[in-house]
Number of protein chains: 2
Amino acid sequence: MSPRPDVRQRLLEAAEELFAAQGASATPVDQVLGRAGVAPATLYAHFGSKTGLQAAVLESRLARWDAVWRAAVEAAADDRGRLLAVFDALEAFAGTGAPSRWCAFLEAAAGAPPEDPIGAAAVAADTDLLRTRLTELARPVAGAGAAELAEHLLVVVSGALAMRLRPGAEHAVARGRAAAEALVPRHG
Amino acid sequence: MSPRPDVRQRLLEAAEELFAAQGASATPVDQVLGRAGVAPATLYAHFGSKTGLQAAVLESRLARWDAVWRAAVEAAADDRGRLLAVFDALEAFAGTGAPSRWCAFLEAAAGAPPEDPIGAAAVAADTDLLRTRLTELARPVAGAGAAELAEHLLVVVSGALAMRLRPGAEHAVARGRAAAEALVPRHG
DNA sequence: GTCTATACACAGATAGAC
DNA sequence: GTCTATCTGTGTATAGAC
């Protein structure tokens, strides 16, 4: 019960907020340190480098996204609703934690060179989760066409995330959902 | 007829290639100078700042994209083809100039803070062109539903661009086109 | 208009004490 | 484990000569 508990956790939270809001590459380490109230050496003792910190943030973020999406699926009423629940999850996820500019995984991929292991791994894990779960959820709706429908929805979800970079970012998820609804057949 | 003509143009071309391949924020000015074979002071005499250079690059790039897209529309056979020609244009555009990692306009928006005038203006101009022309082209296909269909396609196009950041980037445009084809009715 | 040389700022990371 | 203080590299931009 020291007056400064869970330094690692505080660093993670500070970094996640700032990285989400501004982008990781646009966020100096000093700013994370300032918000967490921690000294530089401590950060490097825990995470080794800024990249290590970023990897830890993305890992934690992916776990949270996974949980939020799962909950949204469970809350949905029917097969079609469960498939489209990814958009409920996107909205719910924006509510948890700090506001984020756009997708942290795409941002990591965009901000780092293609061969960078951390950016590549993070976006690969995110993509894998999206593709796998969308395919599962599409099966009751589209049967043998599930993989194809899931692929189309993966494009639309990615598009909804990219739309957050365009003017009118507030409507990005709603626009994505509208496009997706036009894509998913009304009844299996 | 000096031995070093069109310094401005050479800077623009060098910057466009490097910015497209690596992202503007990840590209140091020195690298542009090296490729163009030009001294630092010359760049600042012409463009004022790195940001100014980036703005000039984006302007030139938008003009090229506009022309390529226009040509793709003219080459298409029917109304539906003209609407979907945006995907032909995306492929053709990737062929012109240097290879690019993903969309330079979205990259500018992602790499700069939201209030940054240059990133915001560039992505706004690009978005406006996409939305306006897609709506025009959707009219013969969807009539009164043109605006709505265009909005859906804007999401899909943005998604195709974002898919270039995910594993399997080579198939990004093809996947976008497949999703779009499922969205556009077969005959008006 | 273009060059050489350099100023200035800041970011990521470390040394060594406590 | 955490802190204070600092080192080092690099990036943008400019001064001043030609």
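Keep in mind that what you see is a predicted model, and the values were worked out from it rather than measured. These values consider heavy atoms only, across backbone and side chains, with no hydrogens, waters or symmetry-generated copies.
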Colleague: Name all pairs fulfilling the ring-ring contact (aromatic ring centres under 6.0 Å, His included) condition that reach into residues 16-61 of chain B, sequence neighbours left out, sorted by first residue then second.
Modeller: none
Colleague: Answer yes or no: is there a side-chain heavy-atom contact under 4.5 Å between B:Leu90 and B:Leu161?
Modeller: yes
Colleague: Which donor-acceptor pairs under 3.5 Å do the side chains of residues 103-113 of chain B make with protein atoms, sequence neighbours left out?
Modeller:
| from | atom 1 | to | atom 2 | distance (Å) |
| --- | --- | --- | --- | --- |
| B:Glu107 | OE1 | B:Ala24 | N | 3.4 |
| B:Glu107 | OE2 | B:Ala24 | N | 3.3 |

Colleague: Please examine the side chains of A:Leu11 and A:Val32, heavy atoms only from C-beta on, and report whether any two atoms are closer than 4.5 Å.
Modeller: yes
Colleague: Grab the CG-P distance between A:Leu33 and D:dT4 for me, whole Å please.
Modeller: 11 Å
Colleague: Who are the ring-ring contact (aromatic ring centres under 6.0 Å, His included) partners of B:Phe93, not counting sequence neighbours?
Modeller: B:Trp65
Colleague: Distance check needed: D:dT4 P versus A:Asp30 CG, whole Å only.
Modeller: 13 Å
Colleague: Would you mind reading off the distance between B:Gln54 atom CD and D:dG11 atom P, rounded to a whole angstrom?
Modeller: 16 Å
Colleague: Can you pull the ring-ring contact (aromatic ring centres under 6.0 Å, His included) pairs that have at least one residue in residues 107-143 of chain B, sequence neighbours excluded?
Modeller: none
Colleague: Atom CG of B:Leu11 and atom P of D:dT12: how far apart are they, to the nearest Å?
Modeller: 14 Å
Colleague: Which pairs, with at least one residue in residues 14-30 of chain B and sequence neighbours excluded, count as a side-chain hydrogen bond (donor to acceptor under 3.5 Å, both in side chains)?
Modeller: B:Glu16-B:Ser60, B:Glu16-B:Arg61, B:Glu16-B:Arg64, B:Glu17-B:Arg35, B:Gln22-B:Thr27
Colleague: Quick one: B:Lys50 NZ to C:dA9 C1', roughly how many Å, whole number?
Modeller: 15 Å
Colleague: Is there a residue in residues 14-26 of chain B whose heavy atoms reach under 4.0 Å of DNA chain D, and which residues are they?
Modeller: none
Colleague: Please list, by residue number, the residues of residues 40-47 of chain A whose heavy atoms come closer than 4.0 Å to an atom of DNA chain D; answer none if no residue qualifies.
Modeller: A:Pro40, A:Ala41, A:Thr42, A:His46
Colleague: Check residues 167-182 of chain A and write down every donor-acceptor pair under 3.5 Å in which the side-chain atom is one partner and the other belongs to a residue at least two apart or another chain.
Modeller:
| from | atom 1 | to | atom 2 | distance (Å) |
| --- | --- | --- | --- | --- |
| A:Arg175 | NE | B:Glu151 | OE2 | 3.2 |
| A:Arg177 | NH1 | A:Asp88 | OD1 | 2.9 |
| A:Arg177 | NH2 | A:Asp88 | OD1 | 3.2 |

Colleague: Rounded to the nearest Å, what distance is computed from the CZ atom of residue B:Arg10 to the C1' atom of nucleotide C:dC3?
Modeller: 14 Å
Colleague: D:dA13, C:dG12, D:dT2: which one has an atom nearest the side-chain heavy atoms of A:Val7?
Modeller: D:dT2
Colleague: Would you list the pairs meeting ring-ring contact (aromatic ring centres under 6.0 Å, His included) in which at least one residue belongs to residues 116-152 of chain A, sequence neighbours left out?
Modeller: none
Colleague: Show me the pairs that pass side-chain hydrogen bond (donor to acceptor under 3.5 Å, both in side chains) and involve residues 69-85 of chain B, at least two apart or across chains.
Modeller: B:Asp66-B:Arg70, B:Asp79-B:Arg82
Colleague: Take the C1' atoms of the five end pairs on each side of the helix from C:dG1-D:dC18 to C:dC18-D:dG1, derive the two axes, and give their angle rounded to 10 degrees.
Modeller: 10°
Colleague: Side chain to side chain contact (heavy atoms under 4.5 Å, CB included) with B:Ser49: which residues, sequence neighbours excluded?
Modeller: B:Thr51
